[in-house]
Amino acid sequence: MTWWSEFQHAAVRFKNIPMRHGNTGNDLKGNSEDGGSSLERKLGLWDLILLGIGASIGAGIFVVTGTVAQDAGPGVVLSFLLAGGASILNALCYAELSSRFPAHVGGAYLYAYFTFNELTAFIVFVNVMFDYHIGAASVIRSLASYLATLLKLIPAFSILPEVFGPGGKEFYGGWVSINLMAPILLTIITFVLCQGVRESAIVNGVMTVTKIVIVLLVVLAGSFEVDVSNWTPFAPFGLPAIVQGATVVFFAYVGFDAVANSAEETKHPQKDLPRAIIISVLSCALLYVAVCLVVTGMVPYYELDAAAPLTSAFISKGLNFMSSLIGVGAVAGLTTTVLIGLYVQSRLYLGVGRDGLLPSLFAKVNSKHHTPVIAQIWVGIVAGVLATFINVSHLSHILSVGILIGYSVVCACVVVLRVLPEEQWRSDERQGGAKDVRRTQGAVGCTLVTAALGFAIGLCYRYGAHPAFAISLLLLELLCAVPMYTHQEYFEPSGFACPAVPTLPLFSILVNMFLFAQLHWEAWVRFAVVTLLALILYGVYGQFHSTIETVQDKGSSQYLKAPDGDGESAYIT
C-alpha cells in the first residue's frame with residue numbers, strides 16, 4: 001500500500017462503543033495502563049459542580065469583563081447571555097454524551113472517535129488543546145499580576161523586581177515579556193495536581209467556595225452604588241460589538257468540558273456528570289450577568305480598567321477596602337481556572353496517549369497517586385514556557401476557535417448517534433446494512449451543511465450583507481433539515497437524553513458556526529494552520545502508532561480491532 005492509501009484507511013478508523021454495565025464506578029469498566037494502575041473514582045456530584053464552576057469563574061469575571069465592556073459597553077451583559085445561551089445548548093449535548101460514555105476520559109475527542117473517525121478526533125484534540133495551552137498561559141500571567149499586586153501591600157515585598165512584578169519585564173513592544181512569578185505558581189499547581197484527584201478537588205473546592213462568596217459580596221456591595229444612567233446608552237457600539245464580545249467570553253464557559261473529562265474519576269458518572277454539567281453552566285451564567293450589571297452600573301464603561309475592572313470600579317466609589325477582597329477573590333478564581341485547565345489537559349493527553357496517537361508515555365498513570373504524572377508535568381512545562389517568555393494576551397483574539405469546533409462536533413455526535421439504537425453502535429450491526437449506512441451518512445451530511453450555512457449566515461451578518469441573503473440561507477437550512485424529520489427515526493439513550501433532538505443540536509451547531517464567523521480573521525488563519533499541523537502530525541506518527549490495528553479484510557470492508565482498557569476487544573468496520 002502507498003502512504004496515501006494507508007493514510008486513507010487509517011483516517012476512517014473508529015472505536016467501537018463499549019458496553020455500559022451500570023451507573024456506579026464499580027460497574028463501569030475503564031482503561032488501565034502502567035501495569036494495572038488506573039485513575040481512581042473519587043469525585044462526587046458536589047466535587048463536579050465545583051469543578052465546573054472553578055474552571056469557568058475566574059478570568060471571565062476578574063479580567064475579561066473589563067476588556068469586553070470597553071468594546072460592547074453595558075451590552076457586555078448581552079455578550080455573556082448570548083455566549084451563555086449557546087453554552088447551555090452545547091452543555092445539554094455534552095450531558096447526553098457524558099452519560100453514554102461514563103467510563104472514559106477524552107471529552108469531545110473521545111466522542112468524535114466513537115462517532116466519526118480517528119482523524120476527526122485527532123483534529124478536534126489538537127485544536128482544543130491549542131486553546132487550552134494558550135488559555136492556561138494567559139490566565140497564569142493574570143494570576144501572577146494579581147498576586148504581585150497583593151504582595152506589594154506587605155511592607156517586606158513593597159519593592160519587587162520587575163520580572164516578578166505585575167506584567168513582567170517587556171521587550172520588543174511587549175510581545176516578549178519575562179515573568180518569573182508565573183513558572184513558580186505553575187510548579188506549585190502542578191505539584192498539587194500530581195498528588196491525586198482527591199487532593200486537587202479539595203484545593204479546588206476551598207478556593208471555588210471562597211471566590212463564589214467574594215463574588216456574591218461584590219455584587220451585594222456594588223448594587224448599592226449602581227447608577228442606572230451608566231447603562232445609557234446600553235449598546236454604544238451596536239449589536240455587532242455585542243456579538244463580537246460573545247465570541248471573546250465564550251471561552252469563559254469551558255467548565256462543563258472539564259466536568260466531561262473527569263468521567264473516569266467520578267463515582268456515579270452516568271447520573272452525576274449530566275447534572276453537574278447543567279448546574280455549573282447555569283450557575284456561571286447567573287454570576288457573570290450579575291457582575292456585569294453591577295460593574296457597568298457603578299462606573300461608565302469607558303472608565304473601567306480593562307485589566308482589573310472590579311477593583312477600578314470600587315476604588316472609583318471610594319470603597320478601597322474592597323480592592324483587597326477582590327484581589328483575594330481574583331487570586332482564588334484564577335488559581336482554580338489554571339488548576340482545572342491543567343487537569344483537563346493532562347486527561348486529554350492521557351486519552352490520546354492510550355490510543356497511540358501520541359507517545360505512550362502520556363498514558364502512564366502513577367501507581368501511587370493514580371494520576372498521569374508525566375502528562376501533568378508536560379502541560380505544566382508548556383504553560384510555564386509560554387507564560388514566562390510571551391505576553392499571550394496578544395493572542396487572546398485567536399482563542400475560542402478550538403472550543404467552538406469541539407462543541408460543534410459534540411452536537412453533531414448527538415444527532416448521528418441518535419439515528420441508530422444503542423445496541424447497534426456496540427456491535428457489527430453498526431455497518432450491518434445499506435439502510436443503516438444511509439441513515440448515519442444522512443445525519444452526518446445534514447450536520448456538515450448546517451455548519452457551513454451557519455458560518456455563511458455569520459459572514460452575512462459580519463460584513464453587513466442585505467438581510468435577504470441571511471434569510472435565504474436560513475430557509476435553505478430549514479429545507480436541508482426536512483429529511484432529518486421525515487426520513488429519520490431517533491432512539492432515546494438509556495441515560496440522560498438531550499431534549500428536542502435533532503432541533504436543539506442542529507440549532508447549536510448553527511449558533512456555534514455563526515459565532516465562529518465573528519472571530520478575528522487571524523483566528524481563521526490559526527484554525528487552518530493548526531489543522532494542517534494536526535494532519536501532518538497524524539500522517540507522520542498517529543496513523544502508524546494507533547492502538548486500533550487492521551486484522552483482516554472482509555469483502556469491501558476493513559475490519560479493525562479496538563482494544564478496550566479491560567483487555568476485551570471489539571471488531572469494527
Side-chain angles (χ1 to χ4, degrees), residues 4-17 90 93-94 96-98 100-101 104-132 257 260-261 348-349 351-358 401-420 425 430-431 437 439-452 454-455 505-506 508-509 512-513 516 526-548 550 558 560 562 572-573:
W4 176 243
S5 61
E6 288 185 5
F7 180 88
Q8 288 179 298
H9 280 295
V12 297
R13 297 184 296 215
F14 56 80
K15 281 189 171 185
N16 203 15
I17 296 178
N90 290 297
C93 295
Y94 258 92
E96 174 171 322
L97 296 186
S98 68
R100 273 184 179 261
F101 312 117
H104 303 268
V105 295
Y109 155 80
L110 183 75
Y111 307 151
Y113 210 159
F114 280 132
T115 310
F116 298 117
N117 54 59
E118 190 171 272
L119 181 59
T120 300
F122 190 69
I123 290 174
V124 168
F125 163 76
V126 174
N127 275 282
V128 169
M129 193 53 62
F130 185 91
D131 276 7
Y132 268 119
D257 185 54
N261 276 284
L348 282 170
Y349 273 105
V352 179
R354 283 171 171 172
D355 295 330
L357 303 183
L358 288 178
V401 176
I403 300 301
L404 284 168
I405 295 299
Y407 288 178
S408 299
V409 169
V410 168
C411 296
C413 288
V414 170
V415 176
V416 175
L417 287 170
R418 285 287 198 97
V419 301
L420 293 178
W425 287 98
R430 176 173 178 176
Q431 299 288 344
V437 172
R439 292 177 65 179
T440 55
Q441 289 179 344
V444 171
C446 183
T447 58
L448 290 175
V449 170
T450 300
F455 183 71
L506 290 177
S508 186
I509 294 172
N512 291 339
M513 289 298 100
F516 187 89
R526 160 258 190 266
F527 172 67
V529 171
V530 172
T531 300
L532 178 61
L533 292 175
L535 289 170
I536 294 173
L537 181 58
Y538 178 79
V540 300
Y541 184 89
Q543 67 165 319
F544 302 113
H545 295 84
S546 173
T547 55
I548 297 182
T550 302
Q558 190 80 11
L560 311 165
I572 61 178
T573 302

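Side chains are part of it too, since the values below use all heavy atoms of this structure and drop only hydrogens, waters and symmetry mates.
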From [X] [atom1] over to [Y] [atom2], what is the distance, rounded to the nearest 0.5 angstrom?
| X | Y | atom1 | atom2 | value |
| --- | --- | --- | --- | --- |
| Phe114 | Phe14 | CZ | CZ | 11.5 Å |
| Ile509 | Phe516 | CD1 | CZ | 14.0 Å |
| Phe116 | Ile123 | CZ | CD1 | 12.5 Å |
| Ile405 | Asn127 | CD1 | CG | 6.5 Å |
| Leu119 | Leu535 | CG | CG | 5.5 Å |
| Leu358 | Tyr541 | CG | OH | 7.0 Å |

Taking all non-hydrogen atoms of both residues into account, name the closest pair between [X] and [Y] and its distance.
| X | Y | value |
| --- | --- | --- |
| Tyr113 | Arg13 | CE2-O, 4.1 Å |
| Gly406 | Val124 | CA-CG1, 4.2 Å |
| Gly402 | Val128 | O-CG2, 3.5 Å |
| Pro505 | Val415 | CB-CG2, 3.5 Å |
| Met513 | Ser408 | CE-OG, 3.3 Å |
| Ser546 | Glu118 | OG-OE1, 2.6 Å |

Checklist entry - Quick check: does any side chain N or O of Thr531 sit under 3.5 Å from a backbone N or O of Ala528, one acting as donor and the other as acceptor? => result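 The answer is no, because no donor-acceptor pair under 3.5 Å joins these two groups.
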
Checklist entry - When you look at Leu97 and Cys413, which way does the side chain to side chain contact (heavy atoms under 4.5 Å, CB included) test go after all the steps? => result CA-CA 8 Å; Leu97 296 186; Cys413 288; 3.7 Å; yes

Test item: [X] and [Y] side chains (from C-beta on) under 4.5 Å apart, heavy atoms:
| X | Y | value |
| --- | --- | --- |
| Phe122 | Leu537 | yes |
| Leu506 | Cys411 | no |
| Tyr111 | Arg100 | no |
| Thr440 | Leu420 | yes |
| Leu110 | Val105 | no |

Non-neighbouring partners of [X] that pass side-chain hydrogen bond (donor to acceptor under 3.5 Å, both in side chains), sequence neighbours left out:
| X | result |
| --- | --- |
| Tyr349 | His133, Trp378 |
| Ser508 | Asn90 |
| Asp355 | Lys15, Tyr109 |

Next on the checklist: Could you walk me through whether Val126 and Leu533 satisfy the side chain to side chain contact (heavy atoms under 4.5 Å, CB included) test, starting with their C-alpha distance in whole Å, then the side-chain angles of each, then the deciding distance to 0.1 Å, before giving a yes or no?
Outcome noted: CA-CA 9 Å; Val126 174; Leu533 292 175; 5.7 Å; no

